[in-house]
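Below is one structure; the comments refer to it alone.
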Number of protein chains: 2
Amino acid sequence: MPKRVDHNLRRLQIAEALWRIAASRGLEEVSMRQVAAEAGVSTRLVQYYFETRERLLVEALALRNEHDRKRIEGRLPEGASLRDAIRVLLLGLLPLDEESRQSTLIQLAYGVRAVNDPLLAEHVIRPSKPGLDELVTELLAGAQAAGQLHEGLELMREAGTLLALSNGMSYDVLMGMRSADDAIALVDYNLRRVFLSEAT
Amino acid sequence: MPKRVDHNLRRLQIAEALWRIAASRGLEEVSMRQVAAEAGVSTRLVQYYFETRERLLVEALALRNEHDRKRIEGRLPEGASLRDAIRVLLLGLLPLDEESRQSTLIQLAYGVRAVNDPLLAEHVIRPSKPGLDELVTELLAGAQAAGQLHEGLELMREAGTLLALSNGMSYDVLMGMRSADDAIALVDYNLRRVFLSEAT
DNA sequence: TTTTATGTGATACGATCGTATCATAAAAGA
DNA sequence: TCTTTTATGATACGATCGTATCACATAAAA
């Protein structure tokens with residue numbers, strides 16, 4: 001048969017164009033034509049690889065979620081302490097560099113839309129909520145068993161607090177209402193509040 | 001002269017129509033025609049009271065901010081303790097009923113757009129940041145002076161934590177990832193963490 | 001080399017958008 | 001009563017949108 005092109009690569013190129021537009025101009029500027037122009041291809045090609053605009057939006061998000069998952073997983077150092085693992089995880093939620101800023105922005109833009117769009121909600125909520133709460137709670141339980149925590153803590157609620165704190169600061173950092181250093185300092189303040197000592 | 005109509009009332013009616021659309025279908029569905037239809041007036045009328053779509057968006061937000069400010073101010077009971085004042089303030093940030101849910105949704109939708117729209121940013125950031133951090137910090141300082149707090153707290157950081165916590169949970173509650181009761185319980189858990197005893 | 005499935009371009013259609021224009025209804029001041 | 005200013009309706013224009021259609025180039029399979 002014919003030309004033999006890597007479809008997955010082409011789809012990724014187009015999805016990346018969408019990400020750039022969504023992050024820099026907002027989801028409402030994401031049209032078939034704009035995405036095509038940003039990707040440097042014809043509009044027909046975007047139609048070819050993603051039949052409809054709705055599918056384009058959903059599948060570009062799915063690709064971004066996969067992209068983010070790999071990025072965060074790659075961050076966790078091998079022999080990290082429980083405390084450092086939690087810290088890396090929390091800081092991973094903050095828009096501290098250009099790429100994570102883009103991720104936060106995309107996630108937020110889709111999130112707002114998903115509130116009244118059940119189809120999108122499935123793709124937004126599922127990967128973001130997969131059990132971060134449970135994961136952090138388990139990490140805290142491990143630290144508690146090792147005697148690294150202050151006494152009298154309710155681990156599930158501490159986990160919820162830490163995660164909601166990061167999410168809340170994400171928005172502030174994104175809007176320029178809080179500096180990145182400030183956000184990191186506040187994460188560390190709360191880790192100090194939970195863990196017994198700074199040392200590993 | 002002629003018909004003599006209350007312009008401010010008309011503008012509010014149209015703005016309210018915009019709020020309903022923005023909260024139920026998203027800001028990208030806010031068009032001059034849709035707002036006019038929702039308000040039950042002609043498109044021309046929307047043009048008459050808000051010259052352009054951009055002005056409509058900005059001024060409807062300003063009206064909503066004013067609306068929210070009154071609502072929150074009306075909530076604080078007269079002889080409330082410092083702890084209750086902070087609690088009311090924090091819970092006021094959460095989408096616990098239909099009206100505050102609408103406010104959160106509107107604020108978030110505008111916020112996302114404001115990230116890449118400096119004109120909007122001025123109207124989104126200014127009223128939301130006016131010094132909530134400072135206000136909560138001062139309330140905490142008052143409580144500390146009255147001997148109501150645990151020792152070793154950094155008040156500014158505790159204030160930042162409490163506010164970011166509420167903001168972070170707002171998103172979760174909005175998306176149905178966390179129940180309202182759960183969010184309230186987490187606020188109270190953190191208040192217990194900071195204040196010495198439950199009693200006033 | 002011929003065929004044929006795959007990939008790409010050009011273009012067209014109907015809908016909706018923001019905005020502008022023109023006309024008119026209504027009521028306060030003369 | 002007549003004029004004049006305010007408020008509202010009807011409608012039109014150009015742009016952009018999502019999507020569909022038609023044509024054609026290309027390279028593997030025959």
Side-chain angles (χ1 to χ4, degrees), chain A residues 1-22 24-61 63 109-110 113 116-117 119-120 123, chain B residues 1-22 24-63 109-110 112-113 116-117 119-120 123:
Chain A
M1 291 125 191
K3 249 183 135 180
R4 303 271 290 111
V5 145
D6 186 336
H7 273 220
N8 285 336
L9 180 62
R10 272 258 187 287
R11 289 169 62 86
L12 187 60
Q13 289 170 345
I14 294 173
E16 285 171 348
L18 185 149
W19 299 343
R20 287 193 294 275
I21 294 176
S24 67
R25 284 179 281 156
L27 264 188
E28 76 277 3
E29 291 288 335
V30 171
S31 70
M32 303 293 270
R33 286 171 233 257
Q34 297 277 346
V35 171
E38 173 71 27
V41 302
S42 71
T43 304
R44 178 67 184 84
L45 218 62
V46 180
Q47 279 187 277
Y48 185 74
Y49 288 101
F50 307 85
E51 317 253 336
T52 170
R53 181 180 125 101
E54 194 175 38
R55 291 167 71 94
L56 170 62
L57 283 167
V58 168
E59 296 180 26
L61 173 62
L63 288 172
Y110 273 98
R113 186 161 302 210
N116 301 292
D117 184 338
L119 174 71
L120 267 189
H123 291 83
Chain B
M1 293 126 188
K3 250 183 135 181
R4 301 272 290 111
V5 144
D6 186 335
H7 274 220
N8 285 336
L9 180 61
R10 272 260 187 286
R11 289 169 62 87
L12 186 59
Q13 288 170 346
I14 294 173
E16 285 171 349
L18 186 150
W19 299 344
R20 287 193 294 273
I21 294 177
S24 66
R25 285 180 278 156
L27 264 189
E28 76 277 3
E29 291 289 334
V30 170
S31 70
M32 303 293 270
R33 286 171 232 256
Q34 297 277 346
V35 171
E38 172 72 27
V41 301
S42 73
T43 305
R44 179 65 183 85
L45 218 63
V46 180
Q47 279 188 277
Y48 184 73
Y49 288 102
F50 307 85
E51 317 252 336
T52 170
R53 180 181 127 100
E54 194 175 38
R55 292 168 69 96
L56 170 61
L57 283 168
V58 167
E59 297 180 25
L61 173 62
L63 287 171
Y110 273 98
V112 168
R113 186 163 299 209
N116 301 294
D117 183 338
L119 174 71
L120 267 190
H123 290 84

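What you are looking at is a predicted structure, and each value in this text was computed from that prediction instead of being measured. Proteins get letters first, then strands, A, B, ... in listed order; numbering begins at 1 in each.
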d([atom1], [X]; [atom2], [N]) in whole Å:
X       : N      : atom1 : atom2 : answer
B/Met32 : C/dC17 : CE    : P     : 12 Å
A/Asn8  : C/dG7  : CG    : C1'   : 15 Å
B/Leu57 : C/dC17 : CG    : C1'   : 13 Å
A/Leu45 : D/dA25 : CG    : P     : 17 Å
A/Glu28 : C/dG18 : CD    : P     : 12 Å
B/Glu51 : C/dA20 : CD    : P     : 9 Å
A/Glu29 : D/dC17 : CD    : C1'   : 12 Å

Heavy atoms under 4.0 Å, any strand shown: does [X] hit a base, just sugar-phosphate, or nothing?
X       : value
A/Glu54 : nothing
A/Tyr49 : sugar-phosphate
A/Gln47 : base
A/Arg55 : nothing
A/Gln34 : sugar-phosphate

Phosphate contact ([N] OP1 or OP2) by [X] side-chain N/O below 4.0 Å:
X       : N      : result
B/Arg33 : C/dT19 : no
B/Thr52 : C/dT19 : yes
B/Ser42 : D/dT8  : no
B/Arg44 : C/dT19 : no
B/His7  : D/dA7  : yes
A/Tyr48 : C/dG7  : yes

_Nucleotide of C/dG18, C/dA10, D/dT6 approaching B/Arg53 most closely (side-chain heavy atoms)_ =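 In terms of side-chain proximity for B/Arg53, the closest of C/dG18, C/dA10, D/dT6 is C/dG18.
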
[X] side-chain N/O to [Y] backbone N/O, donor-acceptor pair under 3.5 Å:
X        : Y       : result
A/Arg11  : A/Tyr49 : yes
A/Ser31  : A/Gln34 : yes
A/Tyr110 : A/Leu57 : yes

*Return yes when atom CD of B/Glu29 has more than 12 non-hydrogen atoms of other residues, nucleotides or ligands closer than 6.0 Å, and no otherwise.*
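Result for CD/B/Glu29: enclosed.
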
_Identified side chain to side chain contact (heavy atoms under 4.5 Å, CB included) partner of B/Ile14 from the options B/Phe50, B/Trp19, B/Tyr48_ = B/Phe50

